Amino acid sequence: MNFPSLNEQLDVIKRGTVEIIPEDELVKKIEKSIAKKTPLIIKLGADPSRPDLHIGHAVVLNKLRQFQELGHTAILIIGDYTGMIGDPTGKKKTRPQLTHEEAIENGKSYYEQATKILDKSKTKIVYNSEWLSKLDLKQLIQLMSKFTVQRILERDDFTNRLNEQAEIAFHEMLYPLMQGYDSYAINSDVELGGTDQKFNNLVGRDVQKRYGKEPQCVITMPLLEGIDGSEKMSKSLDNAIGISEDPKDIFGKTMRIPDALIYKYFELGTQISVDELNDIKDKITESPRDYKRKLGYEIVKLYYDEDTAKNSIEEFDKIFIKKEIPDDIPEIKLDEDVKLINLMVSNKMADSNSAARKLIEASAVSIDGEKVSDVNAVIGKDKSFTMKVGKRKFLKVN
RNA sequence: GGGUAGGUAGCGAAGCGGUCAAACGCAACAGACUGUAAAUCUGUCGACUUAGGUCUUCGGAGGUUCGAAUCCUUCCCUACCCA
């Protein structure tokens, strides 16, 4: 197999990375790979505790995809065994532990979603229970003896937890070692991860060295901010764009990101070429809105297809720029007269009667474009109209 | 095992017998302004309501009291210090 030249590869690999540790070793590995016509083994560990992937997770998957396109081998490790511990990274508290069944189940779902980005035919998937479950106590002690408590505690999360008087459960200290052991088990040349994974991934290097293997290089990718523009993207903060979401939502959410993030999203969240990326870099500030539309288009295209992406733009323009009613909105028929607030609640346009009342009072409800102000409004069963609650909730009544 | 400080709405955090559905901040939602950007301003932010109120909430369970998030008993949970 023939690989692109070293420099071509480096251009692609370096896109968006934070650190390559150490870069000269990576260069040597690539040179060797070209000379021997052997692909590098690229490791990505997946945490099976979160089955819903968002474009923040996609940052690292995109990078892995790029490696695949360069001809290298991607190995996705589903941490079914480590998932039972729960990665302490960035956590202030001990994570809940998954059962093995849950971990496997989540792992499958992870794979399904990850292969929306990765080349399925070139992705090897392995479960780390395959080797971790076979470690006996003697081997585990041997592994533990190669590291010191200080080394494990030096990572920020643990230091912070010590300082903030939060607990650290004993088993959590094992997490980095086990993840590092994965690298040894699959002989990885490169491990990818977010900057938050730097410590764990470096431990992988050490484990390999101590077991007499050539150590992997570590490539860290930035953590993508969520659509609120400040916090790291995460489902629990409700600032994430899920890769399995409806295309309209993906597009709409993309349009809501702060301008400062547009380039970063292009760089990390799309597969547009390095050349194109360089081309738009300085132009974004000229017309942020247009580039944001392009960004939304590219992201939708990545997870769906070109037609869907085009539709998303059109739909968006229709609703928010031309302020028209979207095409496919829920439609219901009334069998009898109902109070407006009940109608809102039963169609999930408000959480409770009180909430519905408050929305009406806040003039957030309109019928055929007319704002409704009567909290006790009753809708006659023969009426036919379209109502709108807030900016995004529509309902057609016939 | 001994000691100390705590557990309040999605989160953080006040309150320490009545004026508490519970200050304040963040988040969220809605309105104005916009490019559904950011920033800003305004309103809402337990539930039901015939709008007068009613009901359920302050770790759990009991109790004292006309009245408890606030006092007492007990149980559960967390952190820290000492061993």
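Keep in mind that what you see is a predicted model, and the values were worked out from it rather than measured.
- Nucleotides B:rC48 and B:rA39 place their P atoms 32 Å apart, quoted to the nearest Å.
- Rounded to an integer number of Å, the gap from A:K388 NZ to B:rA30 P is 11 Å.
- Partner of A:R205 under the side-chain hydrogen bond (donor to acceptor under 3.5 Å, both in side chains) criterion, out of A:E214, A:E25, A:E191: A:E25 alone.
- Aromatic pair A:Y181/A:Y184: ring centres closer than 6.0 Å.
- The gap from the P atom of B:rC11 to that of B:rG62 amounts to 25 Å, rounded to the nearest Å.
- Side-chain N/O atoms of A:Q179 and A:D182 include no donor and acceptor closer than 3.5 Å.
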Footprint string (nucleotides 35-48 of chain B, 5' to 3'): B base within contact, S backbone only, - free, heavy atoms under 4.0 Å | BBB------SS-SB
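- Taking the P atoms as reference points, B:rC24 lies 25 Å from B:rA38, given to the whole Å.
- Between the side chains of A:K43 and A:S183, at least one donor-acceptor pair of N or O atoms lies under 3.5 Å.
- Checked by atom type and distance alone, the side chain of A:K396 never pairs as donor or acceptor with a backbone atom of A:K333 at under 3.5 Å.
- Here the side chain of A:T38 pairs a donor or acceptor atom with the backbone of A:K36 at under 3.5 angstrom.
- Comparing the P positions of B:rG35 and B:rG12 gives a spacing of 39 Å, expressed to the nearest Å.
- B:rG17 and B:rA68 are spaced 6 Å apart, taking the C1' atom of each and rounding to whole Å.
- Side-chain atoms of A:Q216 come within 3.5 Å of backbone N or O of A:N201 as a donor-acceptor pair.
- The cationic atom of A:R293 (NZ for Lys, CZ for Arg) does not lie both less than 6.0 Å from the six-membered ring centre of A:F251 and within 45° of the ring axis.
- Taking atom C1' on both nucleotides, B:rA28 is separated from B:rC72 by 40 Å, rounded to a whole Å.
- Rounded to a whole angstrom, the distance from the C1' atom of B:rA30 to that of B:rC81 is 50 Å.
- Remark: the separation of the C1' atoms in B:rA32 and B:rA21 is 29 Å, to the nearest Å.
- With hydrogens and angles ignored, the 3.5 Å screen pairs a side-chain donor or acceptor of A:Y265 with a backbone N or O of A:E225.
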Starting at the 5' end of RNA chain B, write a dot or bracket for each base, bracketing those in Watson-Crick or G-U wobble pairs whose two distances are under 3.5 Å and using | for partners on another strand.
-> ((((((((.[[[..)..(.....]]].(((((.......))))).(((....)))...[[[[[..)....]]]]]))))))).
